[in-house]
Amino acid sequence: MKLLVCISKTPDTTSKIAFTEGNTKFDENAVQWIINPYDEWYALVKAIEMKEQDPAVTIHLVTVGEADAEPIIRKALALGGDEAIRINIQSNDSFVVASQIAAIAKEGAYDLILTGKETIDYNSACIGSMLAGLLDLPFVSLANHMVLNGNTASVKREIEGGEETCEVTLPAIVSCQKGMAEQRIPNMRGIMAARTKPLKVVEPIAVQATTSIKTYDLPPAKSGVKLVAADNVDELVRLLKEEAKAF
Amino acid sequence: MVLIYIDQAEQQIKKSSLEAISYGAALAKQLGVTAEGILLGTVTDDLVSLGKYGLQKLHQVSDASLNHFDAKVFTQVLTEAAKATNATVLVFAHNLNGKAVAPAVAVKLHAGIVTGANSLPDTSNGFTVTKTVFSGKAFAHINIDTAIKVISINQNCFGVQMHEGAATVEALSIAIPAASIKVTATHKVEGEIPLTEANIVVSGGRGLKGPENWGIIEDLAKVLGAATACSRPVSDSDWRPHHEHVGQTGVQVAPNLYIAVGISGAIQHLAGVNRSKTIVVINKDPEAPFFKAADYGIVGDAFEVLPALTAAIQKSKA
């Protein structure tokens, strides 16, 4: 059983979001980088759990990014995984990123590809679905539980107002969210082991980007909270009805 | 032509799709082309009346096997439908199924995609779509550089808009590929409003002190016809089910009204709710950071404020 886990580098949730060069570039100054939480807590840890249950499982990690992505992929290797592949290109275009991963996936003949449900920077939720399109594979999105049974995965996915369980024959792609696994903290043994795990750097394939980011901006600041006295809830109801037209 | 994907569950068209039609119709008008829809499977709704939302023509692939969502099958059918109808722009709701298929369809059509758009594109010089990024902390203006374009729109960003009109319905014949998944069980939480479809959300945090106190949240939700939600510590302590957790790592919501009770407003929680139109915060701590992100606030004890608020809303609706 060969697993491929897609890992993305994102700014920490608490990072200050600012832009430079006439609002055309994200300001990386003083940004703390982390593994995208959905990739780490749910996709990667799920893969590690599967390997703990069946030592015959091999886990490959893949990330699309330049040399500055290496601390992140090493951190992911410290949690678990056998080896990592870094595709040496920085892109904000989901199609470019997905095409690079698809090329690796085709070569590696993986049984299961796991992604987080989305990244916390661009929130596009594109990579899993695009991989499914590029590789013509079944895709189960927003999964919160998965059990393997031979060549079949039984996966629970979120639907409006509930969840459904479905069976999918491997190879397949699954995007992971809360419930799939529990967050782990790398231990010293893992960190030491990660230093010597193979990290292969491959050059990107040539693909044309389909989108281009023109500018960024910040949402207008909230005009400030209107406080209503605790014993005057009728006033809050009036404001919500007449001013906010909330109901 | 703008082709709008009309998503259904249990043979009923989803509210988010009515918003997608309204958006797609406005976009078609802006581009001077027709607004057409694509529906997979069969529904009990009156299809002609989709014209009220601005839809001119509906293409229906009415094979009953399409009443169950299957990402691989839907990707293929939608791709073929887009080709058969010569669609130049495809519009999806950025809902659960939209997220699963829109990017795959874009890839198949060699189209650029922007997911989570929150307004109509600027077509004065290119085709620039605005979307929220960094979990609601910023906007990016992204140009789609391909001939065919795909957009999925954030829920509650455009609204459902009604006009006069009737849609013509045409059957579309497309070969249905074999199923790639088999649904073995469906679990619906009975009687609850799905969080991601809700107009109003009432959410509780640690300030409620324990699961036994959730009655005041549920009572308020009931008079408002709202969904209930909670903060991460609450779901981590199993006071409430995981599917109610809103925030960075839980569910992201964008209702018209979000009422937060006893939630301090950690940045991770705000990341899941900051696209809400109006935010009301009720907290006994005047220093709670959530007040900075709120439109309206009450500094007070939830156990006193909430029953009074529930009664006041009930009275105002009577």
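Everything numeric in this text was worked out from a predicted model, so none of it was measured. To find a chain, count down the sequence lines: A is the first, B the second, and so on, and within it residues start at 1.
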Undergrad: Just to be sure I understand the criterion: a residue of residues 91-107 of chain A counts if one of its heavy atoms is under 4.5 Å from a heavy atom of chain B. Which ones qualify?
TA: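 Residues of residues 91-107 of chain A touching chain B at under 4.5 Å: A:F95.
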Undergrad: Report yes if the side chains of A:E167 and B:I181 come closer than 4.5 Å at any heavy-atom pair, otherwise no.
TA: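 A:E167 vs B:I181: side chains apart.
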Undergrad: Relative to chain B, which segment of A:T10 carries a heavy atom at a distance below 4.5 Å: side chain, backbone, both, or neither?
TA: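 Neither part; nothing is under 4.5 Å.
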Undergrad: Within residues 304-318 of chain B, which positions have a heavy-atom distance to chain A below 4.5 Å?
TA: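 The stretch touches chain A at B:V305, B:A308, B:L309, B:A312, B:I313, B:K315, B:S316, B:K317.
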Undergrad: Under 4.5 Å heavy-atom distance to chain B, tell me which part of A:R238 shows up: side chain, backbone, both or neither.
TA: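 No part of it gets close to chain B.
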Undergrad: Does some side-chain heavy atom of A:I159 sit less than 4.5 Å from a side-chain heavy atom of B:K188?
TA: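 With C-beta onward as the side chain, the pair touches.
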Undergrad: Where the side chain of B:K292 meets the backbone of A:V225, is there a donor-acceptor pair that is under 3.5 Å apart?
TA: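 Such a contact is absent between B:K292 side chain and A:V225 backbone.
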Undergrad: Does a side chain donor of either B:D145 or A:T210 reach within less than 3.5 Å of an acceptor in the other side chain?
TA: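 No, because no side-chain N or O of B:D145 sits under 3.5 Å from a partner of the opposite role on A:T210.
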Undergrad: Taking distance alone, no hydrogens or angles, what donor-acceptor pairs closer than 3.5 Å link side-chain atoms of residues 135-145 of chain A to residues at least two apart or in another chain?
TA:
from, atom 1, to, atom 2, distance (Å)
A:D136, OD1, B:K108, NZ, 2.8
A:D136, OD2, B:K108, NZ, 3.4
A:N144, ND2, A:E163, OE1, 3.2

Undergrad: Closer than 3.5 angstrom, by distance alone: can the side chain of B:T115 be matched with the main-chain N or O of A:S124 as a donor-acceptor pair?
TA: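 Yes; at least one donor-acceptor contact below 3.5 Å.
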Undergrad: Which atoms of A:L236 come close to chain B, meaning under 4.5 Å heavy atom to heavy atom: side chain ones, backbone ones, both, or neither?
TA: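 For A:L236, the side chain is the part near chain B, not the backbone.
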Undergrad: Which one wins on heavy-atom pair count under 4.5 Å against chain B: A:V168, A:D217, A:V237, A:V228?
TA: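 So the answer, after comparing A:V168, A:D217, A:V237, A:V228, is A:D217.
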Undergrad: For a 4.5 angstrom cut-off between non-hydrogen side-chain atoms, does B:N199 reach A:F247?
TA: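 No, side chains not in contact.
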Undergrad: Which of residues 272-283 of chain B have a heavy atom under 4.5 Å from any heavy atom of chain A?
TA: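 Heavy-atom contacts from residues 272-283 of chain B to chain A are B:K277, B:T278, B:V280.
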Undergrad: What residue in B:A294, B:A271, B:A227 has the most heavy-atom pairs under 4.5 Å with chain A?
TA: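 Winner by heavy-atom pair count: B:A294.
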Undergrad: With a 4.5 angstrom heavy-atom cut-off, could you sort out which part of A:K241 is near chain B: side chain, backbone, both or neither?
TA: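 Looking at A:K241, just its side chain touches chain B.
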Undergrad: In terms of heavy-atom proximity below 4.5 Å to chain B, should A:K117 be classed as side chain, backbone, both, or neither?
TA: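 Looking at A:K117, just its side chain touches chain B.
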Undergrad: Heavy-atom distance under 4.5 Å to chain B: side chain of A:I120, backbone, both or neither?
TA: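 It is both, since atoms from each part get that close.
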Undergrad: I need the residue from B:K182, B:E197, B:K14, B:H110 with the largest number of non-hydrogen atom pairs under 4.5 Å to chain A.
TA: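 Most pairs with chain A among the choices: B:K182.
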Undergrad: I'd like to know if the side chain of B:N143 reaches the main chain of A:K214, judged simply by a donor and an acceptor atom lying under 3.5 Å from each other, with no hydrogens or angles considered.
TA: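 It does not hold such a pair.
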Undergrad: Where the side chain of A:N123 meets the backbone of B:S135, is there a donor-acceptor pair that is under 3.5 Å apart?
TA: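 At least one qualifying donor-acceptor pair exists.
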Undergrad: Against chain B, label A:E235 side chain, backbone, both or neither, depending on which of its atoms sit under 4.5 Å from a heavy atom there.
TA: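 For A:E235, neither part sits under 4.5 Å from chain B.
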Undergrad: Distance-only, no hydrogens or angles: does the B:K137 side chain make a donor-acceptor pair with backbone N or O of A:T13 under 3.5 Å?
TA: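 At least one qualifying donor-acceptor pair exists.
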